[in-house]
Amino acid sequence: RWALGNGSSGIAPLAVSPDGSRFALGYAPEGWMSVQAVADGSVLDVLDAPLDSIDALAWSDDGSLLVCADRRGELAVLDLASGNARRTRVDWRVPSNGRVFVAVVDGLVLAAHEGADSIVTWSAFDASAAEIKQIPLAGALASSMVAARIDGAPRIAVGTTRGSILVIDAAAGAIARTIEFASSPIVAIALEPRRGLVSAATGVADDARRGTLFAWDLSTGALAGCVGLGSSPMSVAFSEDGERLFVGLSSGELMRYDVARDLLLPSIGGPSFRVERMAFAGRGRMVVSTADGVYTWNWADDPQASRARPARWPLASEAVGKRPFTALTIGEVGAAGQAELVLAVIDRDSAGVRFYAGSGNEIGRAKIEAPMPEGVALSIAATDRGFMVGAGTRILHYAVRRDGDSVRADLLGASDLSMPARGVAATPDGRVAIATMCGDDGLSPTLVGLSMGATGEPELEWTRVLAETSEADATRAALAPDG
């Protein structure tokens with residue numbers, strides 16, 4: 001930790017030189033700058049700033065010039081060797097708490113501020129073409145900005161207040177791609193030229209405890225990975241070699257992620273996918289229900305995939321929606337001996353379970369021997385014989401079998417609990433099950449264990465109170481495969 005300067009209002013902007021050996025600090029509102037060594041923090045130079053106040057700083061591509069901007073709409077370029085400066089004005093006035101952004105790419109100065117509807121460009125290093133131009137943001141308002149040379153061309157990435165990212169061709173002065181993905185403003189953004197990635201961090205409005213870090217492929221706009229953050233993000237930056245990603249959090253923590261290992265993880269969908277429920281079906285397969293429909297994916301096909309591309313289950317999204325479901329594996333069918341994957345969905349309206357084949361066709365129904373009025377919690381879990389259902393205070397176990405082109409379910413047994421079950425879970429062999437019971441009506445949340453007899457009838461084995469309070473609520477539990 002180094003003590004830096006003596007600015008009465010604290011340090012405003014910071015920028016690291018392109019070769020990584022120096023960093024520049026601007027002090028506001030004193031209007032002076034320091035250049036210091038990254039190795040030990042020693043002061044290499046103290047400079048009178050060309051502006052009265054400094055709210056943003058950037059280095060030129062060769063590290064010989066510093067560009068600064070302030071909230072009053074002033075831009076300046078300072079030659080570090082001669083001390084000469086060039087200035088210009090742009091038509092903006094930023095609130096005292098608003099951020100200002102400045103970047104330099106291919107000798108072009110780029111500037112914006114929080115809430116701006118355009119990016120300012122200034123050919124500051126070319127006296128014959130030092131005019132101010134603007135790149136409109138197509139109705140969006142900027143919340144962050146960064147620039148870099150990607151695949152031989154200068155690119156600007158602008159995060160917006162509506163949660164989208166605009167990728168701009170700086171040479172053409174036009175938006176090349178729009179990535180729509182979130183409803184929260186983009187707090188910070190970074191570009192990684194080697195992999196062609198843009199990474200953005202977004203926080204949840206009025207909640208400093210949560211945030212998310214995303215990465216996209218610039219060439220396709222496809223989501224490449226995402227990581228949940230334990231606190232609201234403030235800044236994000238890639239290491240020079242592109243192998244690490246650093247995130248500064250509002251909690252005061254600096255997080256370091258390995259890009260390949262931590263960020264580009266196998267995952268399904270993306271921020272707009274909105275997973276409602278999911279279930280594993282054995283042999284690496286899983287089923288995911290989203291607001292957009294139902295999808296299947298087999299992790300065993302490519303466990304190293306950076307981004308899963310799930311296959312859509314061809315049935316209407318309203319067939320599942322937010323209803324509890326599980327994935328059943330029935331027998332060994334087909335010429336290749338593949339186990340058939342069947343979706344079992346609880347349908348409260350018909351007080352039963354509907355079965356859907358991989359074709360999306362309904363292939364059977366089963367009546368559940370328990371009341372299912374509105375307000376009663378329903379849950380379902382697969383077993384080796386079929387499935388278990390939690391409906392109110394009843395736990396029921398059903399065997400499933402093929403009957404020609406249809407699927408049938410036969411009740412093996414039921415067990416009654418002292419309180420309504422919120423969720424059920426079972427081991428793959430169906431020999432052990434657990435159920436969570438809520439803490440309503442002055443009762444404490446409780447976990448119960450069940451075993452299956454030789455006939456498959458669930459039998460209560462033990463009960464454990466989870467918390468001595470009726471205000472807590474146990475909603476879900478999971479069992480390891482070995483019980």
Side-chain angles (χ1 to χ4, degrees), residues 1-2 14-24 36-41 57-63 101 103-106 144-159 165 167 177 179 181-182 186-203 211-268 270-271 299 302-309:
R1 182 187 293 267
W2 305 318
L14 178 149
V16 179
S17 63
D19 64 3
S21 65
R22 297 167 292 165
F23 63 92
Q36 300 177 223
V38 169
D40 57 9
L57 267 178
W59 294 78
S60 63
D61 302 304
D62 62 2
F101 315 108
V104 181
V105 60
D106 278 7
S144 54
M145 185 196 77
V146 70
R149 191 172 181 82
I150 308 288
D151 293 332
R155 291 286 186 267
I156 312 167
V158 178
I165 293 177
V167 181
R177 183 182 300 281
I179 301 172
F181 81 102
I186 306 298
V187 178
I189 195 167
L191 286 169
E192 201 293 286
R194 291 163 181 79
R195 285 189 174 90
L197 296 176
V198 56
S199 180
T202 180
T212 311
L213 181 67
F214 300 100
W216 290 267
D217 185 317
L218 277 172
S219 63
T220 64
L223 186 69
C226 57
V227 175
L229 304 173
S231 180
S232 180
M234 302 295 290
S235 57
V236 59
F238 283 98
S239 62
E240 187 179 13
D241 60 7
E243 297 301 319
R244 302 286 187 273
L245 185 61
F246 296 84
V247 184
L249 302 178
S250 60
S251 61
E253 296 174 286
L254 178 64
M255 307 297 292
R256 181 183 66 185
Y257 295 95
D258 183 287
V259 172
R261 183 192 65 207
D262 301 328
L263 185 61
L264 305 183
L265 291 171
S267 50
I268 284 179
W299 292 106
D302 187 2
Q304 301 304 316
S306 63
R307 198 76 192 161
R309 288 175 172 78

Applying salt bridge (charged side-chain N to carboxylate O under 4.0 Å, His left out), name anything that partners Asp62, two or more places apart in sequence or on another chain. none
Identify the two heavy atoms, one from Ala147 and one from Ala103, that lie closest to each other, and give their separation to 0.1 Å. CB-CB, 4.0 Å
Any donor-acceptor pair under 3.5 Å linking the side chain of Ser232 with the backbone of Ser250? no
Checking Arg177 now: which residues fulfil side-chain contact (heavy atoms from CB on, under 4.5 Å) with it, not counting sequence neighbours? Val167, Ile179
At their closest point, which heavy atom of Phe23 faces which heavy atom of Trp59, and how far apart are they? C-CZ2, 4.1 Å
Where is the tightest heavy-atom contact between Gly242 and Val259, given as atom of each residue plus distance? O-CG2, 3.5 Å
Under the salt bridge (charged side-chain N to carboxylate O under 4.0 Å, His left out) rule, collect the residues that match up with Asp106, sequence neighbours excluded. Arg149
So does Ser251 get a backbone contact from the side chain of Ser231, meaning a donor-acceptor N/O pair under 3.5 Å? yes
Who passes side-chain contact (heavy atoms from CB on, under 4.5 Å) against Asp19, sequence neighbours left out? Ser17, Ser21
Sequence neighbours excluded, which residues qualify as side chain to side chain donor-acceptor pair (under 3.5 Å) partners of Glu240? none
Kindly indicate whether the side chain of Leu213, heavy atoms from C-beta on, has any atom under 4.5 Å from the side chain of Ser199. yes
Residues Val247 and Leu229: closest non-hydrogen pair is CG1-CD1, 4.1 Å
Heavy-atom closest contact (Leu223 atom, Ala215 atom, distance): CD1-O, 3.4 Å
If you measure from CD1 on Ile165 to CZ on Phe214, what distance do you get to the nearest 0.5 Å? 9.0 Å
Could you state the interatomic distance from CZ (Arg194) to CG (Asp151), rounded to the nearest 0.5 Å? 12.5 Å
The salt bridge (charged side-chain N to carboxylate O under 4.0 Å, His left out) partners of Glu243 (sequence neighbours excluded) come to Arg195
State, to 0.1 Å, how close Leu57 and Ala15 come at their nearest heavy-atom pair, and which atoms those are. O-CB, 3.7 Å
Who passes side-chain contact (heavy atoms from CB on, under 4.5 Å) against Ala157, sequence neighbours left out? Val146, Ile189, Leu191, Val198
Please enumerate all residues that pass side chain to side chain donor-acceptor pair (under 3.5 Å) together with Asp241, with sequence neighbours excluded. Ser239
Run the side-chain contact (heavy atoms from CB on, under 4.5 Å) test against Ala237 and tell me which residues pass, sequence neighbours left out. none
Taking side chain to side chain donor-acceptor pair (under 3.5 Å) as the definition, give me every residue that meets it alongside Ser235, ordered by chain and number, with sequence neighbours left out. none
With rounding to the nearest 0.5 Å, note down the distance linking CE in Met255 to CG in Leu245. 11.0 Å
Output every pair passing salt bridge (charged side-chain N to carboxylate O under 4.0 Å, His left out) with a member in residues 250-260, not counting sequence neighbours, ordered by first then second residue. Arg244-Asp258
